[in-house]
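Everything below concerns the one structure shown next.
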There are 2 protein chains.
Amino acid sequence: MPDPRPTLEAVAAHAGVSRATVSRVVNGGAGVRSSLAEKVLRAVDELGYVPNQAARSLVTRRHDAVAVVIAEPETRVFTDPFFAQQLRGISKELTAQDSQLVLLLVEGKDDYARVGRYLAGGHVDGALVFSVHLDDELPDIIRGSALPTVFGGRPDRGGRRTPYVDCDNRGGAREAVRHLRSLGRERIAHIAGPLDQTSAVDRLDGYRDVLPEADPALVARGDFTPAGGERAMRELLAHNPDLDAVFAANDLTAAGALRVLHEHGRRVPEDVAVVGFDDMEPVAEQTNPPLTTVRQDIEEMGRLMARLLLRALERGGDQADSLDTAPASVITPTALVRRASA
Amino acid sequence: MPDPRPTLEAVAAHAGVSRATVSRVVNGGAGVRSSLAEKVLRAVDELGYVPNQAARSLVTRRHDAVAVVIAEPETRVFTDPFFAQQLRGISKELTAQDSQLVLLLVEGKDDYARVGRYLAGGHVDGALVFSVHLDDELPDIIRGSALPTVFGGRPDRGGRRTPYVDCDNRGGAREAVRHLRSLGRERIAHIAGPLDQTSAVDRLDGYRDVLPEADPALVARGDFTPAGGERAMRELLAHNPDLDAVFAANDLTAAGALRVLHEHGRRVPEDVAVVGFDDMEPVAEQTNPPLTTVRQDIEEMGRLMARLLLRALERGGDQADSLDTAPASVITPTALVRRASA
DNA sequence: ATGAAAGCGCTAACAC
DNA sequence: GTGTTAGCGCTTTCAT
């Protein structure tokens, strides 16, 4: 059985030119007489030549591939489409730039070393990282790899160094609470998310921005899950039987809260108005009543992350984190989507 | 600025041995005196040596990477966690075998050529492919790349050639319908999925297996979405006001059907019992009442796909689809999960 | 504009 | 056991 993959050499022979010429043609064909170029192209076609990436990377030191690192698959990531949409945006942008997407799913701290090794191992040109927990070491490990990186979601409270893309969690939360207030609600509660995630913290901050004097008993802690939402809602109802509105840190939480509200005979939105966050459609449209919520354009965020990284790669070349070439972070806008719950 | 990445050569010099020895140590160290091996390891450590994959692939012709090809991101894939869970299973298995996951998201037919090129381009050792539509050319393109491949979901009605992993759609459907019958239901309807997907066809076949004489008017066509489920349910109700049970092709469809049932004042499960398929928890647990459904172990299916492929790679070496080395397909079992709707 | 030649960093015979 | 050596397939000066 003959080797199924012809080499540059074979194409050169077939076309009656040198390897160098074939290489030029294959890489855009700048500075090659068109008559020759044509001949080469024909040979490429006839032989079904496909360049060997490994050989190419060996000399160019580029891989046209970026890693996408996603941690904490145990939780939210795998029960809402957030992650999938984000990936889709990333994929679109990378594809447009002929870059490949290498997915690194991190199951736990045991995987950190592996990821660090991979990133340092020169397989990819850059990394897109979804960091979630505040005290996580992953961001540091990744920064240690010295690979150009863009984070998805604000990495931590102080983090200035690495660029990231996040939606305006705080502003979106403010909008949600203001909406509730504009509806005439006076006892507006908040079910927060897990406060080791910046998104949850920011949403809580947004709530407080609008209601700085709110009764602390009106804030309960959830965990971004429906079960957490139920628990928090029960607690809130117990301590604040008079509440007339709830801003939930995400849609899943709101769904749980809604169930408890029904259970307790509260009508939504008549007795209690509810607003969620995310606009994750399969949930927000399925709830009873359909959920008013704060939408973020997740796919666009993914696309932006990829764009930021690719731009850094183009420019940076070697020294990707020299300050002036470092791309700035991006905060994407949110929008209130009114359905029936508020 | 000095090159930040030391080579084998550098390590060899630093350790006072030959490149070959370093290479041996780095690749497991078989047949190297331990005293030397230690010295090498120390050198590796001190220099922070990381092997250059491109160089290695160039000679070994292995990449320790497999592509995961996912088509039709427009629809279902990105609104249910199915895909994420599958990926997670795949990732776990690949990671365990030190293989990387390269994700190829296919947005439309325009992308087919790109995918074909990539797969043929020798970037990866094999491919895991989620093919969904019956008349799709993607499977053929992929087979054309001559890359060892495992499909997720039965690729098409006749497909014998390529191994795949799928759940027992037909058997699961039978179980669902039998359960409904065991509840004493006599007018059992079915809302089918899009029949250009084998899973939808198989589930319909399962329904018919149990109810070969069922009134054809009891079968309506959905599309795996809640909206489709609503539409189909209305239609069914119009033609069969006496129906007392519905087997929906998936959970999303069931959620839509449930809403219409409520709208029409039918009590579930008293008047009409409902069973779904998939057990996608965020949906099945959120419906009112919580959905009885057929569960498939999605993560396990992903894991199996990867395992099958890796096994083929180990054995096959070059000729991966020689008949005797081809791994057989796997059908995974389903299980009825009883909640409140039936 | 084109070709010749020198590697990129690694593995795998093969010799010692 | 260990070192020597010959490439893997490609890009890229450097001549011409």
Side-chain angles (χ1 to χ4, degrees), chain A residues 2-41 43-44 47-65 98 120-123 125 317-318, chain B residues 2-41 43-44 47-65 98 117 120-125 317-318:
Chain A
D3 190 315
R5 290 189 64 191
T7 70
L8 246 204
E9 181 92 50
V11 178
H14 194 86
V17 299
S18 74
R19 275 164 30 210
T21 300
V22 178
S23 175
R24 289 182 186 111
V25 172
V26 167
N27 291 293
V32 177
R33 227 184 325 153
S34 53
S35 62
L36 261 199
E38 260 177 52
K39 240 197 299 198
V40 171
L41 255 13
V44 164
L47 268 43
Y49 169 75
V50 184
N52 179 320
Q53 270 304 330
R56 177 178 286 179
S57 289
L58 185 53
V59 31
T60 61
R61 283 139 189 296
R62 293 215 45 192
H63 303 85
D64 295 311
D98 266 311
H123 301 251
D125 303 320
D318 352 279
Chain B
D3 191 314
R5 290 189 64 191
T7 71
L8 247 204
E9 181 93 49
V11 178
H14 194 87
V17 299
S18 75
R19 272 159 37 204
T21 299
V22 178
S23 175
R24 289 184 187 108
V25 173
V26 168
N27 292 293
V32 177
R33 229 182 324 152
S34 53
S35 61
L36 262 201
E38 259 176 53
K39 240 198 297 198
V40 171
L41 254 13
V44 164
L47 268 43
Y49 168 75
V50 184
N52 179 320
Q53 271 304 328
R56 177 180 284 177
S57 290
L58 185 54
V59 30
T60 60
R61 282 137 187 298
R62 293 215 47 194
H63 303 84
D64 295 313
D98 266 310
R117 222 179 311 126
H123 301 250
V124 292
D125 302 321
D318 352 280

Please check the phosphate of dT11(C) (OP1 and OP2 only) for any side-chain N or O of Thr60(B) closer than 4.0 Å. no

Closest to side chain of Ala55(B), choosing from dC10(C), dA6(C), dA12(C): dC10(C)

Listed nucleotide nearest any side-chain atom of Arg24(A), set dT2(C), dC14(C), dC10(D): dT2(C)

State whether Asn27(A) places a side-chain N or O below 4.0 Å from either non-bridging phosphate oxygen (OP1 or OP2) of dT11(D). yes

Send over the distance from Tyr49(B) OH to dT11(C) C1', rounded to a whole Å. 11 Å

Closest nucleotide of DNA chain D for Thr21(B) versus for Val59(B): which of these residues is on the 5' side? Thr21(B)

Nearest-nucleotide 5' precedence on DNA chain D, Ser34(B) against Leu58(B): Ser34(B)

If you look at every heavy atom in Pro51(B) and Val26(B), which pair is closest and at what distance? CG-CG1, 4.0 Å

Examine the side chains of Arg56(B) and Asn27(B) and answer whether a donor and an acceptor come within less than 3.5 Å of each other. yes

Say whether, by atom type as modelled, one donor and one acceptor occur between the side chain of Thr7(A) and the main chain of Ala10(A) under 3.5 angstrom. yes

Whole-Å gap separating P (dC10(D)) and NE2 (His63(A)): 16 Å

Interatomic distance where CZ belongs to Arg61(A) and P belongs to dG7(C) [whole Å]: 14 Å

If you compare every side-chain N and O of Ser18(B) against the phosphate oxygens of dG3(D) (OP1, OP2), does one of them come in below 4.0 Å? yes

Round to the nearest Å and state the distance from Arg19(B) atom CZ to dC14(C) atom P. 18 Å

Gln53(B) has an atom CD; how far is it from atom P of dC8(C), in whole Å? 19 Å

Among dA12(C), dG9(D), dT12(D), find the nucleotide with the atom closest to the side chain of Asn52(A). dG9(D)

Donor-acceptor pair, Arg5(B) side chain versus Gly121(A) backbone, under 3.5 Å? yes

Short side-chain N/O contact to dT11(C) OP1/OP2 from Arg56(B), under 4.0 Å: yes

Would you indicate which nucleotide in dC10(C), dC10(D), dT2(C) comes nearest to any side-chain atom of Val32(A)? dT2(C)

Leu8(B) has an atom CG; how far is it from atom P of dG3(D), in whole Å? 13 Å

Ignoring hydrogens and geometry, is there a side-chain-to-backbone donor-acceptor pair from Asp125(A) to Arg62(A) under 3.5 Å? no

